[in-house]
Amino acid sequence: MNRDVSRRTKLVLYGVLMVLAVPFVFPTWWMVTSSLKPVADIFAFPPKLLPVDPELDAYRRVFELQPFGQQYLNSLYIALVVTVGTLAVSALAGYAFARIRFRGQNVFFLVILAGLLIPSEVTIVPLFQMFFKLGLVDTHWPLILVPILGAPSVLATFIMRQFFISLPGELEEAARVDGLGRIATFWKIALPLSRPALGAVAIFTFLHSWNLYLEPIVFISSPDKFTLPQALTQFVDAYGGPMWNVQLAAASMTALPVLVVFVIAQKQFVEGLAHTGLKG
Amino acid sequence: MRTGKGVRGLAVALAGVLALTACGGGEEAGQDGPASLRMTIWSANEAHLKLFNEIADEYKKNNPDVASITFDPLPFENYTTTLTTQIAGGNAPDLAWVFENSAPDFVASGALLPLDDKLKKVDGYAYDDISPATTKLWQNDGKLFAYPFSTSPFGVFVNTDLLKKAGQKTPAELIAAGQWNWDNALAAAAATQSATGKAGLVIRDFDYKGWDNLSTFWTGWGAQAWSADGKSCGFAAPEMVEAMTTLHKAIFTAKALPGPGTTADFFAGDAAMTVTQISRASLLKDGGFGWDLVPLPAGPKGNYSVVGQAGIGVMKKSKNADAAADFLAFLTNPTNSAKLAQFFPPPRQSLLTAETLAKTNPKLKPEQLQKVVIDGITNGVVKPSHAGQAELSQQVRASLDPLWKADADVKAVLEGVCTKIQPLLAK
Amino acid sequence: MSQTDTRVGRVESRPALGRARPYWTTHRRDQLTGYLFIAPQLLGSAVFVILPLILVVWYSLHEWNVLAGTFDFVGGENYAALAEDTNLGSVLRATGLFSVGLVVFNLTLALLLAVLLNQRLRGTILFRTLFFSPVVVSLVAWTIVWGFLLQDNGGLNGLLDTIGVDGPNWLRGETTAMISVVVVQVFKNVGLNMVLFLAALQGVPGELYEAAEVDGASRLRQFWRITVPMISPTILLTSIITVVGSLQVFAQIAVLTQGGPGTSTTVLVYYLYQQAFQFHHFGYGATLSIVLFGIVLALTVLQWQMRKRWVHHES
């Protein structure tokens with residue numbers, strides 16, 4: 001509803017928005033400020049909103065206790081590889097389902113869609129056995145191959161298909177008249193036009209890979225191969241008690257860079273999502 | 001809908017792959033050449049690892065057919081789950097530490113290699129030196145399946161500074177007067193809490209989830225989680241009801257123990273007393289608060305002690321089972337047992353003397369070692385254990401949750417526990 | 001003759017009479033390209049989705065004792081055990097409560113936020129960023145921070161204390177624990193749905209509202225009669241995604257409550273994790289997986305069928 005609103009309504013709206021924003025912002029605020037406090041202060045009652053005497057000790061210990069830098073790189077490169085791979089697989093498959101007629105395509109599409117409905121907890125044990133037989137346990141291969149080729153990329157294919165369906169057919173007709181083959185049409189015409197959808201897929205896929213929790217825990221056992229979500233739960237003392245300030249420091253370092261990138265690129269982020277064609 | 005050739009081809013390919021992978025655990029060709037051994041442990045403590053690696057290095061020098069020995073720390077909280085998942089996935093270690101509460105599962109399963117013959121054959125091993133009280137849990141049909149390398153009794157660490165601040169008598173004084181019992185201990189805890197604001201008594205690792213640590217409390221009433229044969233539920237018995245009612249009052253009325261969701265770490269100076277195993281002495285900081293270590297307070301049924309145990313087992317299916325058992329024999333021989341004793345109280349009677357232990361436990365005084373450790377090991381009741389431990393423990397924990405509210409009906413909740421676990425105990 | 005549908009068909013060349021047609025016509029080449037394009041995704045699905053699913057069914061027909069190393073065929077015994085499982089009732093109830101609570105709260109909040117941000121206000125971009133920010137924060141990080149805030153002496157109760165409210169022990173009461181996990185999950189992801197609704201709202205033609213104004217309809221009436229029907233395709237799609245997602249929530253429960261207190265937050269996916277990975281009843285865990293898959297499938301089909309009734313289709 002793009003109409004002008006009265007002054008009073010504006011004030012009310014701002015007020016409501018600010019109240020609503022609190023539970024979204026407060027946890028991130030708390031996470032960062034608590035990571036700068038000594039453990040005793042974190043549970044201090046009444047709580048202090050700002051650290052009294054900020055110290056970076058927890059941050060230092062994060063790197064001492066875990067090969068955190070390596071783990072950061074792990075999460076990063078895995079997410080990048082998975083994103084690029086998924087873009088390739090889903091763009092190809094989405095285009096084919098949208099534009100090419102071939103026998104059995106509806107059946108194949110339904111088979112692929114099944115991937116959207118199966119939770120990863122259901123398939124994790126057989127997948128573990130498969131990778132173990134291939135000697136690929138405690139490597140990053142399961143974390144790369146499964147998202148690109150398996151269930152998580154199905155949503156991407158779905159999105160790309162929706163998008164390609166919504167492309168006007170005349171562009172490709174014109175290309176065909178010009179003598180371009182199917183592959184050339186895809187590469188030169190359809191793909192460049194699909195940038196908004198590709199952007200949305202890239203965002204979804206990156207975030208999904210960045211946040212994977214169960215899979216790294218099941219497949220990876222060496223600390224220097226851990227990914228960030230896995231590493232975050234490892235900051236416990238020798239007997240299992242959580243080291244709160246260290247955990248929160250690690251969590252801050254995990255969340256903040258992505259958040260900063262998001263703030264800078266948020267226009268593209270949000271608009272890419274809106275163009276996924278999920279509007280129906 | 002036309003299915004077409006494509007789909008049929010897919011089905012054939014699937015069937016082929018299925019046939020290959022569905023045949024249980026794969027048999028891999030036996031390794032020739034030097035063996036690699038892996039032992040899963042739950043301690044990531046640097047000092048522990050240093051000692052293990054030293055012993056391993058010495059072993060490798062004399063045994064060139066063993067190329068490497070790795071100590072693989074798994075997270076403490078989910079240790080048994082992680083270990084069993086590794087085994088399920090076909091990735092079992094050669095040796096594994098086993099908690100006392102999962103001993104029945106491992107020992108009776110046939111997954112572990114029987115050790116006695118191997119150990120007895122080793123020169124100078126002195127198998128008879130092992131105290132029978134410590135091996136009961138790890139034996140089945142007269143054979144030993146895991147070596148109880150650590151038998152760690154529970155004691156009470158006391159922050160004497162806090163007690164003095166609250167004007168309370170220290171446990172040492174109470175012991176001297178023959179008055180060190182739970183009533184007095186809880187009273188002192190409650191008084192300290194209200195005087196100083198710090199927590200009174202913390203049963204470490206309980207946190208309203210690890211209920212088996214409460215056995216350090218209820219044993220004083222003669223209560224037990226289940227009967228010795230594991231078939232009848234002990235939670236609804238009168239002794240247990242009495243013990244839990246006392247505990248409930250101490251938590252919610254007297255506030256002697258911190259309530260659910262409140263954390264207090266004794267070793268950070270936030271509690272007056274804590275019930276934990278003596279190995280935690282390493283968490284005490286030099287130059288921190290004044291402290292003491294005393295045995296568990298007496299209950300209505302008198303003095304008692306409770307121990308936790310850890311065993312090392314060899315996985316029967318390991319490709320290097322023989323080499324693993326040999327290494328285990330070396331690791332636990334008299335010389336190395338003495339070295340390990342600084343962290344892990346051994347089952348060897350010759351080593352269970354105050355002087356020997358004092359050498360490697362500099363923080364503890366001989367009287368403390370005698371009263372808490374040695375007497376504890378000889379006479380202690382082991383923490384509860386049962387077959388099907390994981391599910392049983394979770395069921396108990398879930399059924400006990402209603403107890404941790406101020407208005408709980410203790411008797412009803414405990415009866416609920418028995419109702420829930422009786423079918424599991426019968427298995 | 002080429003057909004003017006969305007799939008650009010290829011015209012088959014008509015050969016002169018008497019000459020044999022080559023095998024690789026453009027149509028066949030095109031088909032081959034189609035198969036090649038979908039091959040990675042299809043084969044990947046076959047290996048990483050369908051095959052594990054079949055194996056899970058296979059496990060559910062066996063009793064797999066990991067430590068003893070036995071894998072015995074028991075047929076339908078695991079399925080019969082479902083009927084005798086005293087915990088299953090409360091697990092299904094917890095799952096239902098969680099999913100319904102989550103979907104209702106999530107969609108309502110997302111729509112509310114989208115409507116608020118759709119007003120002509122300065123600074124909506126800032127608020128949009130704030131509301132979306134939890135989506136990009138790591139899931140485990142988010143859950144750990146909340147776990148910490150929800151402790152009895154943690155940040156949330158501290159905040160409530162400053163306004164004189166005595167907060168309950170959030171994670172230790174059965175109802176409050178369920179509310180806590182729902183709220184934590186919703187705040188994490190509602191930004192996504194909000195953005196989708198926002199895009200849909202912006203696609204509603206302004207003339208419809210102007211016409212309604214002229215007719216004297218109130219803002220609320222306009223909302224129900226114009227806005228909701230116009231964005232109903234989006235509502236349906238987000239609700240399907242949110243429902244399916246709600247049945248897969250695992251990490252929050254694992255980190256915050258471990259299914260407790262009691263079994264009040266043990267939802268189906270957490271229960272199956274317990275059975276398979278903690279109690280090592282892999283066969284029974286596999287059976288529960290099949291139940292979960294069945295529920296997801298049924299709900300999705302149901303919602304998809306409902307689209308004919310509820311979704312307002314433009315031409």
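Numbers restart at 1 for each chain; the letters A, B, ... are given by sequence-line order, proteins then strands. Bear in mind that the values here come from a model prediction, so they are computed numbers and not experimental data.
In this structure, the portion of Thr254(A) lying under 4.5 Å from any heavy atom of chain C is its side chain and not its backbone. Heavy atoms closer than 4.5 Å to chain C are found nowhere in Phe206(A), neither backbone nor side chain. Within the 4.5 angstrom heavy-atom criterion, only side-chain atoms of Tyr95(A), from C-beta onward, approach chain C. For chain C, the nearby parts of Val154(A) are the backbone and the side chain; heavy atoms of each come within less than 4.5 Å. For Leu145(A), the parts lying near chain C are the backbone and the side chain together; criterion is any non-hydrogen pair under 4.5 Å.
Within the 4.5 Å cutoff, side-chain heavy atoms of Met18(A) are placed close to those of Phe127(C). Inter-residue side-chain proximity for Leu13(A) and Gln119(C) is flagged as met; some heavy-atom pair is nearer than 4.5 Å. A 4.5 Å side-chain heavy-atom check between Val111(A) and Ile50(C) finds at least one atom pair inside the cut-off. By the 4.5 Å heavy-atom criterion applied to side chains, Tyr59(C) and Pro126(A) are counted as neighbours.
Judged by distance alone, the side chain of Tyr35(C) and the main-chain N or O of Arg103(A) form a donor-acceptor pair under 3.5 Å.
In this structure, Phe131(C) and Phe24(A) have perpendicular ring planes: the angle between them is above 60°, well past the 30° mark.
Put simply, of Ala250(A), Ser153(A), Ser252(A), the one with the most heavy-atom pairs under 4.5 Å next to chain C is Ser153(A). Between chain C and the residues Phe109(A), Trp210(A), Phe186(A), the most heavy-atom pairs under 4.5 angstrom are made by Phe186(A).
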